[in-house]
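A quick write-up on the structure given underneath.
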Amino acid sequence: MNWNLDDLYKGFDDPKYELDVLKVEKLIKEYNNLPNKFEKNDNLDVILEYIKLNEELTVLTRTLFSFNSLSNSVDVSNQKSLVNMAKLSKMLNETTEASVLFNRFLKDIDLNLYLNNEIIKNNLFQLQKIKKSSKYLLTEKEEIMYAKLQQVSSSSWSQLQSLLTSKLDVSYNDKTITLPEVRNLAYDNNAKVRKDAYYSELKAYEKVDEVVAMALSNIKREVVIMNDIRGYKDVYEPTLIRSNMEKATLDAMISAMKDYRPYFEEYLIAKAKYLGHDNALPFYDLFAPVGKLDKTYTYDEAKDIVINSFNSYSDKLGNYAKKAFDLNWIDPFPKKGKRGGAFCSNQPQLKQSRILSNFTGSLSDVSTLAHELGHGYHGEVISDNTPLNWSYPMPLAETASIFCETIVTNHLLSNIYNDEERLQVLEIALQGDTQVIIDILSRFIFEDSIFKLADGPISKEEMKKLMIEAQKEAYGKGLDSNFLHPYMWLNKGHYYSAGLNFYNFPYAFGLLFGKGLYSKYLEDKESFILNYDKLLKLTTMASVEDVAKSMNIDVTKKDFWISSLELIKKDIDEVIRLLNK
């Protein structure tokens, strides 16, 4: 079963594909002529033309890039898609000079003078963001040079990591399997299978660890160099600006997460005891199933669970999920050459989405489908926004996905009365919470450490050491220090983008923000449903703090994060009670 991309293009030889490439070339020429109008035309006319050209380019390039990246994600050896993406990137790089000049032009303009214009009003937040970021721009020639060099530096290193991990053969029990397949064995009911898979996974990484370490080291070194040249005050600032988020919000959330580490330790120790370990929990048993819901799910069963759960919230959400399944927007199963993990690619220009998963039948896989469909629903809501308001920042990206996961978990729990079955459903949800709070904390600590050393090359041995230290700091006494995972930096693609640093804490933000929203939903369901879509729509047009304020939440205060963590603590207490029963 494969997803259907025909609504994008019917293939690389589709005449519409070539026609759209020609349209992009024409629009780029018009865009690059924009600076010639700065002094000859009224400022408002220039800004309106900028918006028009960007909207048209956004629609076309999103469609072209998506078709290629989606094709490549299910077949990483697809050279045509890689060549096409490189060609498109090169074409867009030709707009660098015009973009820099426009940003400088906009820097000195008072946009408040044009608020009576509906187009300006609808795109005001993005225009203000351009003004804010303009002070970090280099000269036109320097920006052009960096845009070109990036294609053969950090972008190439990123592609190398993706290629090596997606094609990595893993030797497991005298047979060869893929990396996603061996990682999925961490959820197996058999303790020996989980342990053997853990060792097989670590052994496989030894084939590529030196090269991938070099890739990560060079990407982070590039980031540090460019941050210094651009004048950012620290390594967090560009990520916070891109996230539409204040440092006070990040600090409050991380501080609260650290405060709640002891409760997660108690859960992990209780799970270790339940599974028969004398010490703390070994890493390979983090995802071990507990309780007695001894079944795997077919894809059709997962589909029914998700749709029924979503319908319990609203018909609109349930209908969206049914549409995604029925129209074949999902590529569900693992196969050789396919990317690991899961993602959702929103296509607001089509009012559609495409979802990749590696479904093997676990309850966790069911939750993953709900998670990615949440992203898709978010994409459907914002598809009515203007094209410049189609992208939400990383922290708010997880809002709908976590919310939808919570809906599925609570729907399942509402129909389960047996303690053993209840334990499994609740503990699987807690596994996810632990990953998003504690493991994300370890990844944040690791990346922070990497940046502190990124003034020179960082060896694979140093990276392994830093990852072990980060896991010890985050998991504390909960994990057995003899069985940690020194290669968690190698298999996580989020580390390998020069433009998306610290792509870890947004997941924690999404979980805790989503939990807080779900609590508000329980307080007043009818009112919440009316306002929730408005909040999702706002995520592309306001700061994180202002989006939260729309629901009377202050995310700069630690109290909010603690209130959300308290909801998870209740689940921890219940799971520990059931584990010890």
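Residue numbers count from 1 along this sequence.
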- prompt: Does a salt bridge link Glu56 with Lys52, judged by any charged N lying under 4.0 Å from a carboxylate O?
  reply: yes
message: Given His494, which partner from the list Phe343, Phe502, Phe444, Tyr507 fulfils the ring pair (Phe, Tyr, Trp, His ring centres under 6.0 Å) test?
response: Tyr507
salt_bridge(Asp533, Lys537) N-O dist < 4.0 Å: no
message: Among residues at least two apart in sequence or on other chains, which ones pass salt bridge (charged side-chain N to carboxylate O under 4.0 Å, His left out) with Arg104?
response: Glu140
- prompt: Rounded to the nearest 0.5 Å, how far apart are CG of Asn389 and CG of Leu124?
  reply: 10.0 Å
- prompt: So Ser66 and Gln347, side chain to side chain donor-acceptor pair (under 3.5 Å) or not? Walk me through it.
  reply: CA-CA 8 Å; Ser66 294; Gln347 304 299 319; 2.9 Å; yes
- prompt: Looking only at atom types and distance, does a side-chain atom of Arg354 sit under 3.5 Å from a main-chain N or O of Ser345, one as donor and one as acceptor?
  reply: no
Phe509: partners by ring pair (Phe, Tyr, Trp, His ring centres under 6.0 Å), with sequence neighbours left out: Phe513, Trp561
Carboxylate-amine/guanidinium proximity below 4.0 Å for Lys175 and Glu181: no
query: With Tyr50, which residues qualify under ring pair (Phe, Tyr, Trp, His ring centres under 6.0 Å), at least two apart?
result: Phe102
message: Between Asp169 and Lys336, does any NZ, NE, NH1 or NH2 come within less than 4.0 Å of an OD or OE carboxylate oxygen?
response: yes
query: In terms of ring plane angle, is the pair Phe325 and Tyr299 parallel, tilted or perpendicular, where the classes change at 30° and 60°?
result: perpendicular
- prompt: Counting only heavy atoms not in Lys335, do more than 12 sit closer than 6.0 Å to its NZ atom?
  reply: yes
message: In terms of relative ring orientation, are His375 and His371 parallel, tilted or perpendicular, with 30° and 60° separating the classes?
response: perpendicular
query: Can you tell me if Asn93 uses its side chain to pair, donor with acceptor, with the backbone of Ala147 under 3.5 Å?
result: yes
- line: Those residues at least two apart in sequence (or on a different chain) that pass ring pair (Phe, Tyr, Trp, His ring centres under 6.0 Å) with Tyr377 are none
query: Hey, what's the ring geometry for Tyr187 with Phe287, parallel, tilted or perpendicular (30° and 60° as the breaks)?
result: tilted
task: List in chain and number order the residues that pass ring pair (Phe, Tyr, Trp, His ring centres under 6.0 Å) with Phe310, two or more places apart in sequence or in another chain; answer none if no residue qualifies.
output: none
Output a table of donor-acceptor pairs, distance under 3.5 Å, between side-chain atoms of residues 23-31 and any protein atom two or more places apart or on a different chain; print 'none' if there are none.
residue	atom	partner	partner atom	Å
Lys26	NZ	Glu30	OE2	2.7
Tyr31	OH	Ser99	OG	2.8

query: How far apart are the C-alpha atoms of Asp365 and Thr368, what are their side-chain angles, what is the distance that settles it, and do they pass the side chain to side chain donor-acceptor pair (under 3.5 Å) test?
result: CA-CA 5 Å; Asp365 289 339; Thr368 297; 4.9 Å; no
field: SB check Asp326 Lys303 (cutoff 4.0 Å)
entry: yes
